[in-house]
J.: 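Structure provided below as structure tokens; questions to follow.
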Amino acid sequence: KILHFGACRVSMSMTEIRAGFTAIKANIQSRDPIRTLSILSHPQSLHKVKSSDRCCITRHLLTFYVDKVFKHCRTEDSFVNRKISSIANSFLSARRKLGQCREQNNCVCGEESTEKFKQILANYEGLNVTSAAMKSLGELDILLDWMEKSR
Amino acid sequence: GDALLPAPQSISILSTNMKHFLSWSPVVVQGATVRYSVEFQGEYEREYANGSWIPISECSLTTATVCNLTDDISATVAYRLRVRAELGAMRSRWGTLKGFFNRVTTSLTPPLLRVLADGYHLLVELADMGPAFQFRVLYWKKGQESRVQQKVMKEVSSVVHLDTMEAGAEYCVKAQTHVEAINRSSSFSPTQCVRAQRDTSMWL
């Protein structure tokens with residue numbers, strides 16, 4: 001699927017990523033005890049981000065998941081670990097494509113979206129790392145829905 | 001316990017139409033059943049997870065000498081693959097596939113198709129090749145090769161109506177696959193031509 005993030009167009013295997021996430025969603029969300037909090041949607045939904053900022057904040061979010069989230073989601077379940085690997089490698093591939101586009105186009109973060117991303121990091125750092133990582137992974141469909149909305 | 005059991009040799013990968021299989025030569029120990037375990041490592045594991053390896057449960061302690069990696073090689077990045085032999089408590093060293101494997105190198109074969117003339121209707125039937133595949137179908141009236149028409153199908157339904165043909169005319173069709181995840185296409189299938197039914201209207 002070709003996704004549009006501001007000036008950038010990135011092909012992402014959304015079907016494969018969603019299939020991988022759907023296969024482990026219940027398992028991952030069962031490991032998230034704090035259901036009242038959200039990492040991505042608190043206090044404001046991602047859908048508030050301006051179209052021109054989508055490219056930059058998407059790159060930040062892909063980096064957030066690759067750098068911070070996936071590595072703290074290793075489980076005792078080999079099947080879950082395989083699906084997390086599949087998603088993580090897909091995010092890495094997507095981030096590279098977005099990075100290539102970013103160099104050719106201005107992929108600038110506006111003030112609002114910079115603030116939004118800071119809030120996401122603050123939400124993340126407000127929990128212990130494993131809970132935060134599991135919660136972030138459990139919210140992946142929120143991110144995928146927002147990314148696909150940009151089609 | 002490692003030294004006695006040799007590592008599997010001739011490790012290779014066969015990847016066709018986005019289906020990926022690792023295979024190796026059997027390790028032979030007289031009177032014993034040797035088993036094998038396979039692991040993979042994506043770019044993410046190399047760069048962000050301390051070079052960790054992930055076992056494939058369907059290919060853990062298997063007696064087969066082939067392993068289907070398709071579900072695990074599901075990103076367009078470079079993967080490393082390894083297999084070892086196990087016999088009781090004995091384990092061989094890991095045998096690692098030379099170099100990396102990236103699914104972008106999979107070989108794509110032309111689609112299987114069947115072209116039908118149903119009266120004046122030009123139909124095509126395409127074999128399903130999985131969710132990663134789209135199809136590009138070209139069709140034209142024989143003799144008018146300069147006026148080729150195209151239909152792109154993201155999903156395969158059983159039979160697709162391409163065109164309404166002129167009575168008695170011959171029409172030709174060929175198709176290729178496209179995989180968006182790796183941004184590559186197969187070569188075209190052989191061309192198939194069919195003839196529309198003749199005009200059956202009678203002057204009264």
Side-chain angles (χ1 to χ4, degrees), chain A residues 1-4 9-24 27 62-101 129-130 133 136-137 140 144 148 151, chain B residues 18-20 37-62 67-81 100-106 128-134 152 154-156 178-185:
Chain A
K1 199 165 275 185
I2 305 288
L3 303 184
H4 300 256
R9 298 168 71 252
V10 174
S11 146
M12 267 182 88
S13 312
M14 277 311 215
T15 313
E16 286 175 310
I17 295 171
R18 278 193 186 278
F21 178 65
T22 304
I24 60 171
N27 182 302
L62 291 174
T63 299
F64 166 69
Y65 273 86
V66 166
D67 283 353
K68 286 183 176 291
V69 173
F70 295 127
K71 66 177 64 177
H72 296 298
C73 292
R74 191 101 180 187
T75 74
E76 72 298 334
D77 184 322
S78 163
F79 177 78
V80 171
N81 294 342
R82 287 161 71 182
K83 293 304 172 189
I84 292 172
S85 166
S86 159
I87 296 168
N89 280 288
S90 295
F91 269 41
L92 202 55
S93 175
R95 189 182 66 166
R96 177 176 304 128
K97 291 175 192 168
L98 203 50
Q100 287 156 1
C101 170
V129 69
T130 304
S136 303
L137 183 55
L140 206 69
L144 299 177
E148 285 207 281
R151 263 175 50 82
Chain B
M18 298 293 269
K19 299 261 190 285
H20 324 299
S37 292
V38 176
E39 293 186 346
F40 71 92
Q41 178 193 76
E43 185 179 340
Y44 172 80
E45 282 73 33
R46 273 193 306 286
E47 293 186 11
Y48 296 87
N50 311 308
S52 54
W53 290 83
I54 299 181
I56 299 177
S57 23
E58 293 83 354
C59 304
S60 291
L61 295 175
T62 176
C67 175
N68 185 347
L69 308 170
T70 305
D71 281 352
D72 293 291
I73 309 277
S74 56
T76 309
V77 296
Y79 283 85
R80 298 194 66 209
L81 300 152
F100 296 94
F101 171 67
N102 188 318
R103 66 177 184 176
V104 77
T105 62
T106 191
D128 189 2
M129 296 176 73
F133 286 80
Q134 298 170 12
V152 174
K154 302 237 174 183
E155 277 133 23
V156 171
H178 179 72
V179 181
E180 200 172 67
I182 58 174
N183 196 24
R184 280 185 45 220
S185 299

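All figures in this text were calculated on a predicted structure; none of them were measured in a lab. Letters A, B, ... are given to chains in the order of the sequence lines, protein chains preceding strands, and every chain is numbered from 1.
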J.: Checking A/Arg82 against B/Glu58 for the salt bridge (Lys or Arg N to Asp or Glu O under 4.0 Å) test, could you report, in this order, the C-alpha distance in whole Å, the side-chain angles of both residues, the deciding distance, and whether it holds?
T.: CA-CA 12 Å; A/Arg82 287 161 71 182; B/Glu58 293 83 354; 2.7 Å; yes
J.: Would the number of heavy atoms belonging to other residues, nucleotides or ligands and lying under 6.0 Å from NZ of A/Lys97 be above 12?
T.: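 Result for NZ/A/Lys97: enclosed.
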J.: Look at A/Arg96 together with B/Glu43 and state whether they make a salt bridge at an N to O cut-off of under 4.0 Å.
T.: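 B/Glu43 and A/Arg96: salt-bridged.
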J.: So which of A/Asp67, A/Asn81, A/Thr15 has the biggest tally of heavy-atom pairs under 4.5 Å with chain B?
T.: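 That would be A/Asp67.
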J.: Out of curiosity, A/Asn89 CG to B/Asp72 CG, how far, rounded to the nearest 0.5 Å?
T.: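 Rounded to the nearest 0.5 Å, the CG-CG separation comes out at 10.5 Å.
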J.: Supply the atom-to-atom distance B/Asn102 CG to A/Ser93 OG, rounded to the nearest 0.5 angstrom.
T.: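 Between atom CG of B/Asn102 and atom OG of A/Ser93 there are 8.0 Å.
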J.: Among B/Pro131, B/Ser57, B/Ser52, which residue has the highest count of heavy-atom pairs closer than 4.5 Å to chain A?
T.: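 Maximum pair count with chain A is reached by B/Ser57.
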J.: Given that the side chain runs from C-beta out, which part of B/Glu39 has a heavy atom under 4.5 Å from chain A: side chain, backbone, both or neither?
T.: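 Neither the backbone nor the side chain of B/Glu39 comes within 4.5 Å of chain A.
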J.: Is there a side-chain contact between B/Asn50 and A/Lys71, using heavy atoms and a 4.5 Å cut-off?
T.: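 No, too far: nothing below the 4.5 Å cut-off.
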J.: Under a 3.5 Å distance rule, please check whether B/Tyr44 uses its side chain to pair with a backbone N or O of A/Ile87 as donor and acceptor.
T.: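 Side chain of B/Tyr44 to backbone of A/Ile87, a donor-acceptor pair under 3.5 Å: no, none is there.
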J.: In terms of heavy-atom pairs under 4.5 Å with chain A, which of B/Ala75, B/Ala49, B/Ala132 leads?
T.: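 If we count pairs closer than 4.5 Å to chain A, B/Ala75 comes out on top.
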J.: For A/Ser85 versus B/Ile54, what's the shortest heavy-atom pair and its separation?
T.: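 Nearest heavy atoms, A/Ser85 then B/Ile54: CB-CD1, 3.3 Å.
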J.: Heavy-atom cut-off 4.5 Å, strictly under: side chain, backbone, both or neither for B/Ile73 against chain A?
T.: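 Neither the backbone nor the side chain of B/Ile73 comes within 4.5 Å of chain A.
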J.: Do you know which of B/Lys154, B/Arg103, B/Gln41, B/Glu47 has the most heavy-atom pairs with chain A at a distance under 4.5 angstrom?
T.: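 Ranked by contacts with chain A, first place is B/Arg103.
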J.: Is any side-chain heavy atom of B/Tyr48 less than 4.5 Å from a side-chain heavy atom of A/Phe70?
T.: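 No. Closest side-chain heavy atoms not under 4.5 Å.
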J.: Is A/Ser13 in contact with chain B via its backbone, its side chain, both, or neither, using a 4.5 Å heavy-atom distance?
T.: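 It is the side chain, since no backbone atom gets that close.
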